[in-house]
Structure formats: structure tokens, C-alpha cells
Number of protein chains: 2
Amino acid sequence: MRPPFESSPAGSLTASAKSIFRLLAEGDPSTRPQLGEALNLSRPTMSAAIAELEQLGLVAKIGEVQGLIGRKAAIYRPGPTAGHVIAIDAGSTHVRLRVSTIDRRLLHSRVYRLPASQLLLGEEISRAVAEEVAATLTETDPGWGPLRMIGIAVPSRVVGPQGDRSATRQEEIFSCFEPPANVPVVLENNVNCAAVAERSYGIAKDSETFAYVQIGLKIGMGLMLGGRLLRGRNGAAGEIGHLAFPMADGSKPIAGEIERYMGTEGFMQRVVAAWPEPSGKAPADAADLMARAGEGCATALAHVTRHAEDIGAIVASCVSVADPGLVVLGGGMGGSPLLMPTVSEVANRLSYPVEVRTSTLGQDATVLGIEKLACEQTVDLLLGESRD
Amino acid sequence: MRPPFESSPAGSLTASAKSIFRLLAEGDPSTRPQLGEALNLSRPTMSAAIAELEQLGLVAKIGEVQGLIGRKAAIYRPGPTAGHVIAIDAGSTHVRLRVSTIDRRLLHSRVYRLPASQLLLGEEISRAVAEEVAATLTETDPGWGPLRMIGIAVPSRVVGPQGDRSATRQEEIFSCFEPPANVPVVLENNVNCAAVAERSYGIAKDSETFAYVQIGLKIGMGLMLGGRLLRGRNGAAGEIGHLAFPMADGSKPIAGEIERYMGTEGFMQRVVAAWPEPSGKAPADAADLMARAGEGCATALAHVTRHAEDIGAIVASCVSVADPGLVVLGGGMGGSPLLMPTVSEVANRLSYPVEVRTSTLGQDATVLGIEKLACEQTVDLLLGESRD
DNA sequence: CTTATTATGTTAGGCAAGTTAACAAAAAAA
DNA sequence: TTTTTTTGTTAACTTGCCTAACATAATAAG
């Protein structure tokens with residue numbers, strides 16, 4: 001056993017102190033009266049709990065605020081012992097990194113664009129992550145407190161202890177990158193991370209149950225049910241690229257065929273093949289197609305609409321299984337407002353009532369999501385409470 | 001406000017007393033030492049808690065047991081105040097009714113076979129339920145304690161307060177049946193109930209996450225995630241009859257088409273249409289087909305295997321969305337052991353690792369499931385703790 | 001048949017974590 | 001300067017659990 005302090009500086013905090021810390025870690029700094037009100041704690045209890053937390057450095061007073069009348073109220077936020085986390089979106093085109101306190105005050109950030117030639121090469125990504133982390137560590141300010149956690153969003157399945165680990169690419173991220181000793185690492189699928197971000201900061205802030213559907217190079221889904229991510233036994237929940245397809249009387253489905261059919265590449269191949277002479281040169285890529293559709297090109301718009309119908313059918317399948325009530329569209333294509341109406345129309349026609357919204361968080365969704373997860377994990381660790 | 005005693009005779013029980021009651025309601029009667037051991041409660045705490053519960057009649061001593069040596073240990077189980085529940089499977093062919101204590105000791109049971117001509121007529125079912133409940137109430141024994149809850153499993157979606165209530169048939173059950181005053185009613189979809197039963201008593205006892213797929217007249221799924229049913233915004237989670245189908249390049253999916261294609265009726269139509277002259281008379285119904293397949297009839301077996309492949313594809317779709325790790329096959333056709341191997345092979349080929357098992361609970365699965373749910377609800381109510 | 005051993009249950013006393021009530025401190029309003 | 005209002009602290013009490021010690025009821029041993 002390690003010394004208990006290292007993993008959990010707050011081994012034996014009172015329940016009230018824990019709940020106060022949790023609330024402060026959640027977001028905005030708060031005054032004592034606000035905290036007491038929110039948590040239904042009496043003023044004496046607040047005094048005792050804050051004293052406990054301040055003693056450990058888990059909480060610090062950052063000022064006072066004057067109401068209309070009466071004594072000033074003290075304002076608190078997580079203190080230096082609470083430390084900071086590194087969140088990394090290890091995507092196939094970019095590596096995005098954010099360093100922040102556990103109440104998500106940004107301390108540092110960097111973006112590294114991978115050479116296009118190395119798309120999807122796991123080793124290159126791992127090397128980039130290693131370099132960015134190393135560079136970050138040299139700039140660490142002692143005022144940030146200890147590094148508590150590194151969160152990494154990866155574009156592959158992430159399995160828990162009981163799943164089929166062999167078939168994942170999740171370990172590739174460590175091929176060239178070794179995390180600093182004694183700093184735990186949280187891995188999470190990038191689509192799931194985006195779902196978390198939509199839930200915490202984005203268009204799904206008001207819903208604790210919804211499906212985030214990413215449509216871009218590949219397609220994938222993140223299922224948020226009652227505020228919790230559904231990961232599945234093999235980390236494969238939401239791998240809708242594997243929906244049975246084609247599925248029709250007589251034909252036999254092929255594994256992963258939907259991904260090939262619906263991904264940007266397969267889609268654009270069909271678009272280019274079907275592009276009529278009179279409409280001019282076929283679009284160079286998906287972004288080009290979307291731009292032309294947005295400008296009113298009828299041919300482009302027809303293709304986009306056709307694609308949206310396919311997406312609507314897939315969304316209907318997801319609704320038929322999980323009935324989330326809300327679907328958020330995101331990703332390279334999914335982020336376009338052109339898709340939403342058709343997707344919504346088709347999904348609602350084929351299945352049960354769903355609201356369809358378009359993501360508002362841009363490319364930062366994934367980093368923000370993994371940051372959120374890393375912070376949550378850190379709080380659990382500090383308070384000695386591990387969630388599942 | 002009603003008097004608090006009626007809804008919750010245990011308004012202010014200590015946490016330890018609540019946990020003891022919960023454990024006793026769970027199942028087998030237990031001795032004090034066993035309970036204390038299981039719940040990590042000291043003997044003095046046990047004394048106090050049992051005294052509280054016994055006072056209210058929520059718990060009763062039913063005997064003593066002698067170990068190898070030492071004093072006898074007292075055995076307890078839920079007492080008369082805990083009361084009893086009525087569980088009803090309001091199916092389209094049978095109405096099954098069970099009366100039991102909240103620790104699920106059967107007090108009374110009856111089965112009513114609906115006239116075949118009235119299949120699916122909601123009003124007839126409602127009338128049958130009303131009659132069976134009335135008949136049951138006349139036989140109630142005062143020793144059973146108060147009737148705490150009526151649970152009804154219905155073959156339709158069941159929506160919560162925020163869902164789209166208009167499109168459900170859930171209210172039909174009350175067209176001719178009015179529950180006794182002051183007795184709360186729990187409605188639940190019959191497939192979900194079967195899933196609960198498999199989880200509590202059946203083949204999925206060891207798994208808190210799995211999908212129950214019912215294949216019979218209609219097809220449906222119950223999703224158990226982390227020990228909790230996934231119901232969905234519109235109570236439509238698991239309505240896999242609405243998976244997008246046919247889904248292939250060029251063809252447009254039709255709402256609910258899978259149900260027509262995969263249900264017993266559609267399936268048997270195809271079987272009969274394709275039945276070759278030399279194999280003799282076409283099978284009369286699905287049971288006949290299954291019987292012949294079991295006896296080695298190659299034609300019958302080929303049809304069954306083909307059907308199992310289709311089911312495998314659907315299971316693969318569910319796995320791709322929820323990745324439950326375990327799928328239990330049940331229902332009229334699904335209960336046959338002939339299907340499992342092919343379903344498993346196809347599902348695993350098309351998607352991620354899933355274990356496929358065949359249901360062991362027969363036609364009682366649904367009643368047992370709604371009974372379990374009614375008992376859980378009752379315990380929550382008695383302890384003044386409502387879950388979601 | 002008495003005595004030792006052991007498991008069960010109760011009594012006494014203590015502690016942790018909250019509460020309410022009353023008081024002290026710090027600010028604006030009268 | 002005094003009053004009023006909000007914030008924070010101190011004192012005393014309550015609840016719900018605990019441990020330690022004792023009482024009870026059974027078998028095992030002498």
C-alpha cells in the first residue's frame with residue numbers, strides 16, 4: 001500500500017466537507033452562505049468543514065463580497081493541494097492539450113497539427129503526445145499544485161478491465177509516451193468525450209439523457225444516460241459503424257459496412273461518381289460539398305439531403321434501441337446545420353419522438369470532455385470515492 | 001397531504017433499520033447475526049434496529065436456529081405491516097396473476113386464458129384483469145396485511161411523465177378496470193418485465209448488464225444496464241421492431257417493417273410460401289415448424305437457421321449500440337435452443353463479443369418480473385425513498 | 001452434574017457529525 | 001451614535017452509530 005496521503009489527501013473528511021469540495025470543484029467559486037444554502041448545511045457545520053478543507057489546502061479563500069447590507073461574505077475555491085490536470089485530445093489530425101485546475105480554470109494550452117501524411121498512425125500520435133506533455137511539464141508553475149491526473153481522448157474503443165482488450169488500439173497511445181510516475185491516466189473514447197462536453201457545456205446542458213452522433217471521417221455515437229456515459233462491456237457502446245448493413249430481405253449484412261458507406265470517404269466517392277457534367281467540376285472534398293450546398297447548388301444540396309436521410313435512418317435505429325429523446329449531431333459533417341432538418345424528419349418518421357440538435361461546441365468538444373472527466377476522476381480520487 | 005402513515009409507515013427509521021428491511025425484503029429470511037454480518041452492523045445496532053422494525057410490524061421473528069454450539073439465533077422476515085402486492089401479466093392470450101408478500105412468498109395465483117378470438121383487444125384484457133382482481137380481493141386473508149401495490153405488465157410501451165403519452169396504449173388497461181382506492185399501480189412493459197425476471201431469477205442472475213430479446217408474435221428487447229432497466233424518454237427503449245429496415249444502398253427504410261418481417265406471422269408466411277412439395281405439408285404454425293426442425297427435418301431446420309441469422313443481425317445492431325456483453329433470447333421462438341448457436345455466431349461476426357444464452361424461465365417470466373418490480377416499489381414507498 | 005466454552009443478545013458509555021440557540025463581528029441605514 | 005442586517009463562532013444538545021463489558025442460552029468437557 002502506498003502512503004494514504006499520496007492518493008487521497010482527504011482520507012477522512014466529513015461528509016459535509018466532501019460535498020463542499022465537490023461543489024467548488026464543479027465550477028464557480030462561491031461564498032459560504034451560498035454553499036450552505038445549496039447543500040443545506042448549518043453555519044456551524046460550514047465553519048467546521050471549511051476549516052478542515054483550508055487546513056489541507058483543498059480550499060482557499062480568494063476574497064470577500066459585500067451584499068447590500070451586513071457583513072462581507074468570504075468567497076472560496078479549490079486550493080493549491082487540489083492540484084491540476086492535463087487533458088489531451090489525441091486525434092488523428094491534431095493533438096490538443098489543456099492544463100487546468102480541477103475547477104477548470106485554464107492554466108495552459110497547446111495545439112499540435114500532425115503532418116497530414118501520418119493520418120491514423122498510432123505511433124506518430126503517441127510521439128506527439130509525449131512531446132507535448134514533456135513541453136508542458138517544463139512550463140509547470142509551482143502555484144498550480146501537484147499534477148493529479150492525465151486524461152487522454154483516443155479515437156478507438158476503450159475497454160474496462162473485463163472487456164476484450166486484445167482487439168482495441170487503446171494501448172497504442174503508450175507506445176512512445178510514458179506518463180509521469182504516480183500520475184494516473186484516464187483514457188476515454190473521443191466521441192464519448194464530445195458527448196460529455198455537450199452535456200456539460202454544450203447544446204445538451206439541459207438533458208441528462210441524449211445521444212451524441214458524430215458524422216465525419218468515421219461515424220460514432222456517445223450515449224449519455226441519466227448523466228452517465230454508457231461504455232458497454234467492450235467499450236463498444238455507440239459503435240454504430242457496426243450496425244447491421246445492408247439489411248434487407250435476401251441480402252447478408254457485412255461487418256462494419258455502415259462505417260464504409262457513411263464515412264466521409266465512401267460518401268464522397270458516391271458523390272463524385274454521380275456528379276453530373278453540367279454542374280461543373282465535382283467537389284474536392286466534403287467541406288467543399290457542404291460549402292456549395294450552403295451556397296445553393298442544387299446538386300450538392302441533393303447529395304447532402306440524401307446523406308441526411310441515411311443518417312436519419314441510423315439515428316432512428318439508435319432511437320429504437322435507446323430512446324434517448326434527444327440526439328445531438330456533431331463532427332465534421334454533422335456540425336453543419338444543413339443536415340439537421342432532414343435527419344430529424346426521417347428519424348421521427350421511422351421511430352419515436354426525438355429532438356435533433358446540432359452541436360455548438362466546435363473542435364474543442366473532445367478536449368473539454370476529457371478535461372471534465374479527468375477533473376471528475378481527480379475529485380473522486382482526492383475524496384477517496386471511486387465511482388464504478 | 002395524506003397522513004404520512006398511510007404511504008410510509010416508516011417515515012423516520014434509522015438507516016440501519018432501513019437496510020435491514022431492504023435485505024429481508026430481498027429474499028430469504030435471515031438470522032440477526034447474518035444480517036449484522038452482511039450489513040456491517042454491530043450487535044447493539046441490530047438490537048435497536050430490529051426493535052424499531054418489530055414495533056411497526058415491518059419485521060417479525062419466525063423462529064430460531066441452533067448452530068453447532070452456543071445460543072440460538074433468532075430468524076426474521078418481513079412482518080404483516082409490510083403487506084402484500086398483486087402482480088398481473090396482462091398478456092394478449094393469458095392474464096396471469098400472483099399475490100405475494102413483499103419478500104415474494106406466493107399467497108395466491110390464478111391464470112385466465114383469453115378467448116383466442118379476442119387477441120389484442122385491449123378492452124377484453126382490461127375486463128379480464130378487473131374480474132381476476134375482484135375475484136382475488138374476495139379471497140384476501142387478513143393475515144396478508146394491507147395491499148400495498150398492484151403491478152401490471154402490459155404489451156405496449158409505458159411512458160413516464162415527460163414522454164409522449166398520446167401514442168401509447170398504456171391507458172387501455174384501465175378502460176374496464178379501476179384499481180382499489182389508495183392502492184398505487186405500477187405499469188411496465190411486458191418485455192422489460194421478462195428482462196427483470198431473467199436478471200433476478202433466470203439465466204442472467206450473474207449479470208447486471210444484458211439485453212433480453214424476445215422473439216415471438218412480435219419482437220422486442222429489454223435493456224438492463226447496471227441493474228437498472230433502460231426505459232427511454234417515450235418508453236420506447238428496446239422497441240427493435242422499429243430498427244431501420246430494409247436498409248441498403250438505394251432502398252428506403254419503412255417504419256416498423258422489421259416487426260412485420262421478423263414476427264411469427266411474417267416469418268411463417270415466407271416459410272409456407274417457400275415450402276417445397278416433396279417435403280410434405282407445410283407446417284401449421286411456428287410451434288409445428290420448430291418441432292419438425294427439432295426432429296431433424298432439413299427443410300424446417302434451414303428455415304429456422306435462416307431466421308436465426310436475421311435475428312443475429314438484429315442482435316448485432318443492438319450490440320453495436322449498447323454493447324451489453326450478454327444477450328438472452330426468449331419468447332415463443334427465442335426460447336428454443338435451436339436458435340442460439342446461429343444467433344451467437346452471426347452476432348459475434350458482425351459486431352463485438354457477446355455471449356448469447358437462451359431463457360430458462362418459461363411463460364412465467366413476465367409475471368415474476370412485474371412482481372419483483374411491484375415489491376421493489378413497495379419497499380421504496382414503505383421506506384419513504386422513491387427511486388427516480 | 002458441574003464447569004468450560006462459545007454464540008447470541010443487552011446494557012453502559014463514548015464519539016462523530018450534524019443540529020439549534022445564542023452571541024460576536026462587520027457592514028450599511030437611521 | 002444607534003439600529004438593523006448579514007456573517008461567522010461558541011455552546012449545548014441529538015442522533016446514530018460504535019466498543020467494551022456483561023447476561024443468557026446452548027453444547028462440550030471433565
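Reminder, nothing fancy here: chain letters follow the sequence lines and each chain counts from 1.
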**Student:** Taking the side chain of B/Ala73 as its heavy atoms from C-beta onward, which of D/dT9, D/dA26, C/dT8 lies nearest to it?
**Tutor:**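 Of all the options, the side chain of B/Ala73 is nearest to C/dT8.
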**Student:** Under the 3.5 Å rule, do the base of D/dG8 and the side chain of A/Arg71 count as making a donor-acceptor pair?
**Tutor:** no
**Student:** Out of D/dG8, D/dT9, D/dT5, which has the shortest distance to the side chain of A/Ala74?
**Tutor:**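 Out of D/dG8, D/dT9, D/dT5, the nucleotide with an atom closest to A/Ala74's side chain is D/dG8.
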**Student:** What is the nucleic acid contact for A/Thr31, judged by heavy atoms within less than 4.0 Å: base, sugar-phosphate only, or nothing?
**Tutor:** nothing
**Student:** Between C/dA29 atom P and A/Leu68 atom CG, what is the distance in whole Å?
**Tutor:**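 Computing the A/Leu68:CG to C/dA29:P distance gives 8 Å.
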**Student:** Could you tell me the separation between the CG atom of A/Leu35 and the P atom of D/dG8, rounded to a whole number of Å?
**Tutor:** 10 Å
**Student:** Once you round it to whole Å, what is the distance between C1' of C/dT19 and CG of A/Leu39?
**Tutor:**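 Taking CG of A/Leu39 and C1' of C/dT19, I get 16 Å after rounding.
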**Student:** Expressed as a whole number of angstroms, how long is the span from B/Arg43:CZ to C/dG13:C1'?
**Tutor:** 17 Å
**Student:** Would you say that A/Val59 contacts A/Leu24 through its side chain, given a criterion of any heavy-atom pair below 4.5 Å between the two side chains?
**Tutor:** yes
**Student:** So which one's nearest nucleotide on DNA chain D is more toward 5', A/Arg32 or A/Ile69?
**Tutor:** A/Ile69
**Student:** Rounded to whole Å, please give me the gap between CG in A/Leu41 and C1' in D/dG8.
**Tutor:** 15 Å
**Student:** Contact class for A/Pro33 (heavy atom, under 4.0 Å): base, sugar-phosphate, or nothing?
**Tutor:**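 It contacts sugar-phosphate atoms only.
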**Student:** Please name the pair of heavy atoms, one in B/Arg32 and one in B/Ser47, separated by the smallest distance, quoted to 0.1 Å.
**Tutor:** NH2-OG, 2.8 Å
**Student:** A/Gln66 or A/Asn40: which one's nearest nucleotide on DNA chain C is closer to the 5' end?
**Tutor:** A/Asn40
**Student:** Relative to each other, are the rings of B/Trp144 and B/His108 parallel, tilted or perpendicular (30° and 60° limits)?
**Tutor:**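 The rings of B/Trp144 and B/His108 sit tilted, inter-plane angle from 30° to 60°.
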**Student:** Within the pair A/Ser42 and C/dT19, is there a side-chain N or O less than 4.0 Å away from OP1 or OP2?
**Tutor:** yes
**Student:** Name the nucleic acid region contacted by A/Ala48, choosing base, sugar-phosphate or nothing; use a 4.0 angstrom heavy-atom cut-off, strictly under.
**Tutor:** nothing
**Student:** Looking only at side-chain N and O atoms, does A/Lys72 come under 4.0 Å of OP1 or OP2 in C/dA27?
**Tutor:**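 True: A/Lys72 side-chain N/O within range (under 4.0 Å) of C/dA27 OP1/OP2.
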**Student:** Rounded to whole angstrom units, what separation is found between the CG atom of B/Leu13 and the C1' atom of D/dG16?
**Tutor:** 12 Å
**Student:** Quickly work out the A/Glu64 CD to C/dA25 P distance and round it to whole Å.
**Tutor:**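 One finds 16 Å between P of C/dA25 and CD of A/Glu64, rounded.
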**Student:** Go through D/dG8, C/dT20, D/dC18 for me and flag the one nearest to the A/Ser47 side chain.
**Tutor:**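 Comparing D/dG8, C/dT20, D/dC18 against the side chain of A/Ser47, the answer is D/dG8.
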**Student:** Taking all atoms of both residues into account, what is the closest heavy-atom pair of A/Leu56 and A/Thr81, and its distance?
**Tutor:** O-OG1, 2.6 Å
**Student:** Walk me through it: do A/Arg22 and A/Asp380 pass the test salt bridge (Lys or Arg N to Asp or Glu O under 4.0 Å)?
**Tutor:** CA-CA 9 Å; A/Arg22 225 170 247 291; A/Asp380 290 348; 3.1 Å; yes
**Student:** OP1 or OP2 of D/dC17 less than 4.0 angstrom from a side-chain nitrogen or oxygen of B/Ser16, does that happen here?
**Tutor:** yes
**Student:** When rounded to the nearest 0.5 angstrom, what distance separates CG in A/Leu382 from CE in A/Met149?
**Tutor:** 8.0 Å
**Student:** Base, sugar-phosphate or nothing for B/Thr14? Non-hydrogen atoms, less than 4.0 Å.
**Tutor:** sugar-phosphate
**Student:** Could you tell me the separation between the CE atom of B/Met46 and the P atom of D/dT19, rounded to a whole number of Å?
**Tutor:** 15 Å
